[in-house]
Amino acid sequence: MTVGFIDPGNWATNLAAGASFGYTLLWVVTFSSIMLIIIQHNVAHLGIVTGLCLSEAAHKYLPGYVSKPILSTAMLASVSTSLAEILGGAIALKMLFGIPIKAGATIVTLVCVAMLASNTYSKIEKWIITFVSIIGLSSLYELILADVSWTEVAKGWVKPSFPENSLLIIMSVLGAVVMPHNLFLHSEVIQSRKWNLEDEKVIHKQLKYEFADTLFSMTVDWAINSAMIILAASTFFQKHILVEELEQAQQLLTPLVGSNAGVIFAAALLLAGVSSTITSGIAGGCIFAGFFNEPYHYQDIHSKLGVLCSFLPALGIIFLIGDPFKGLIYSQMFLSIQLPITVFTQVYLTSSRKVMGKYANKRRSICLLLLLGAIVTVLNTALLISLFKG
């Protein structure tokens with residue numbers, strides 16, 4: 001799951017946050033990571049207890065006139081995610097080999113379709129674990145080279161701040177970390193293990209240890225996203241350099257923090273693009289299969305169509321947009337706008353005794369989850385108001 005939260009959309013929003021506002025928006029990563037742990041933990045329980053992913057549960061337990069619009073917006077979120085993932089991989093190919101964006105996007109799409117059509121979960125997971133490890137080590141390497149003010153970093157992690165004109169970036173960072181499609185994906189990955197078919201002891205064991213697994217993974221995510229903002233703040237912001245495209249980041253990093261930094265940045269971005277495109281495709285297949293009350297399976301026709309419905313519109317948009325960097329930013333903003341729909345759906349399902357039985361959310365958990373959904377809704381409303389005023 002971790003790779004879904006360190007995708008090219010994260011790279012773009014984190015670089016924009018650090019380059020434009022220094023260390024002051026690090027709190028957004030902290031807040032969104034805490035929110036992420038709570039929400040992902042909750043949706044994993046749905047998969048463990050019911051054996052259903054979020055899309056299947058929505059189809060089964062909600063009226064069609066409610067579930068279909070919800071899954072439709074989720075599918076649009078998957079397209080928005082795939083847009084960022086494919087675009088990030090294409091930008092990396094341009095950095096490394098000079099391949100044009102449109103050609104690079106086509107290559108990334110074809111490679112990921114081929115991997116999804118021919119690999120089982122276990123094989124894909126091994127690739128993704130490798131990619132995440134390399135991305136994490138690359139981020140740490142970049143951070144070691146930079147001159148960081150750790151006092152300011154510590155303050156930025158815990159002190160909420162809303163600098164002027166920062167709301168778009170705040171919402172983009174939030175949407176890049178807490179991503180709707182990954183809620184569907186997490187419940188599906190858990191569901192694929194079929195633990196609900198085991199006895200009560202197995203379910204209790206998985207419920208017990210799932211939180212530790214989620215906590216560790218999301219902490220890795222928090223560290224890598226923080227490292228990206230810190231790197232941008234300590235290089236670009238301190239030198240008053242505005243980053244407006246990822247290619248520019250590579251060019252600027254070389255003289256600022258060493259000759260190897262630009263190549264490592266581009267290579268890590270390529271790995272992030274390919275691996276997160278794969279997870280986005282699985283999520284799209286999972287959501288689309290939910291329309292037909294089916295689980296995701298890479299050989300199933302509805303799952304295959306879901307992957308294509310996620311990838312092809314995203315690829316088409318890439319051929320139309322003029323500014324790839326802004327495309328990354330706005331794609332993440334759309335994810336944050338769709339997020340409350342998915343969160344409130346999830347809370348309803350995991351709080352229902354009809355769905356979860358004795359494992360339904362307790363009142364305290366319901367209040368916490370609703371509060372998080374309400375916070376995102378309020379921030380989204382403020383963003384839309386500011387956009388209309390602008």
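All residue numbers refer to positions in the sequence shown, counting from 1. Values in this document were obtained by computation on a predicted structure and should not be read as measured data.
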(request) If a pair satisfies side chain to side chain donor-acceptor pair (under 3.5 Å) and one of its residues is in residues 305-316, list it, with sequence neighbours excluded. (result) S78-S310, S82-S310
(request) Evaluate the criterion side-chain contact (heavy atoms from CB on, under 4.5 Å) for residue pair V111 and I107; output intermediate values, then yes/no. (result) CA-CA 6 Å; V111 168; I107 291 171; 4.3 Å; yes
(message) I need the full list of salt bridge (Lys or Arg N to Asp or Glu O under 4.0 Å) pairs touching residues 286-308, with sequence neighbours left out, sorted by first then second residue.
(response) none
(message) Can you give me the closest heavy-atom contact between I287 and L71, atom names plus distance?
(response) CG2-O, 3.6 Å
(message) Strictly by ring-ring contact (aromatic ring centres under 6.0 Å, His included), give each pair with a member in residues 35-89 just once, sequence neighbours left out.
(response) H41-H45, H41-F211
(message) Could you report the tightest heavy-atom contact between A44 and E210, atom names first, then the distance?
(response) CB-OE2, 3.4 Å
(message) Using side-chain contact (heavy atoms from CB on, under 4.5 Å), reason through L231 and F236 one step at a time and then give a plain yes or no.
(response) CA-CA 8 Å; L231 179 65; F236 306 131; over 6 Å; no
(request) Please name the pair of heavy atoms, one in G22 and one in A233, separated by the smallest distance, quoted to 0.1 Å. (result) C-CB, 3.4 Å
(request) Using modelled atom types only, decide if a donor and an acceptor are shared between the side chain of S352 and the backbone of Y348 within a distance under 3.5 Å. (result) no
(request) Using modelled atom types only, decide if a donor and an acceptor are shared between the side chain of S80 and the backbone of L76 within a distance under 3.5 Å. (result) no
(request) Kindly say whether Q299 contributes a backbone atom to a donor-acceptor pair with the side chain of S303 at under 3.5 angstrom? (result) no
(message) Please give me the minimum heavy-atom distance between A58 and S67, naming the atom from each residue.
(response) O-CB, 3.4 Å
(request) Would you sort out whether L349 and T50 count as a side-chain contact (heavy atoms from CB on, under 4.5 Å), showing the intermediate values? (result) CA-CA 11 Å; L349 292 170; T50 67; over 6 Å; no
(request) For the residue pair S280 and E85, confirm or rule out a side-chain donor-acceptor distance under 3.5 Å. (result) no
(request) Give the intermediate values and the outcome of side-chain hydrogen bond (donor to acceptor under 3.5 Å, both in side chains) for residues Q346 and N42. (result) CA-CA 8 Å; Q346 172 186 321; N42 180 249; 2.8 Å; yes
(message) If you compare all heavy atoms of T342 against all heavy atoms of P180, which two are closest, and at what distance to 0.1 Å?
(response) OG1-CB, 3.8 Å
(request) State, to 0.1 Å, how close V43 and L183 come at their nearest heavy-atom pair, and which atoms those are. (result) CG2-O, 3.5 Å
(message) Using the rule given for side-chain contact (heavy atoms from CB on, under 4.5 Å), can you reason through F311 versus C112, listing the C-alpha separation, both sets of side-chain angles and the distance that settles it, and then say yes or no?
(response) CA-CA 9 Å; F311 285 172; C112 291; 4.1 Å; yes
(message) Tell me whether S20 contacts the main-chain N or O of A17 through its side chain, where contact means a donor paired with an acceptor under 3.5 Å.
(response) no
(message) Main chain of S149, side chain of E152: is a donor-acceptor contact present, judged purely on distance under 3.5 Å?
(response) no
(request) Would you kindly confirm whether L371 and L339 end up in one hydrophobic cluster when ILVMFWY residues are joined by side chain heavy atoms under 4.5 Å apart? (result) yes
(request) Only pairs at least two apart or in different chains count here, so list each side chain to side chain donor-acceptor pair (under 3.5 Å) that has a residue in residues 24-33. (result) T30-W222
Compile the donor-acceptor pairs under 3.5 Å between side chains in residues 153-162 and protein atoms, sequence neighbours left out, one pair per line.
unit_1 : atom_1 : unit_2 : atom_2 : d
W157   : NE1    : S226   : OG     : 3.1

(request) Please list, chain by chain and in numerical order, all residues satisfying salt bridge (Lys or Arg N to Asp or Glu O under 4.0 Å) with K358, sequence neighbours excluded. (result) E200
(request) Could you please spell out the steps behind the side-chain hydrogen bond (donor to acceptor under 3.5 Å, both in side chains) verdict for T350 and N361? (result) CA-CA 6 Å; T350 56; N361 295 330; 2.7 Å; yes
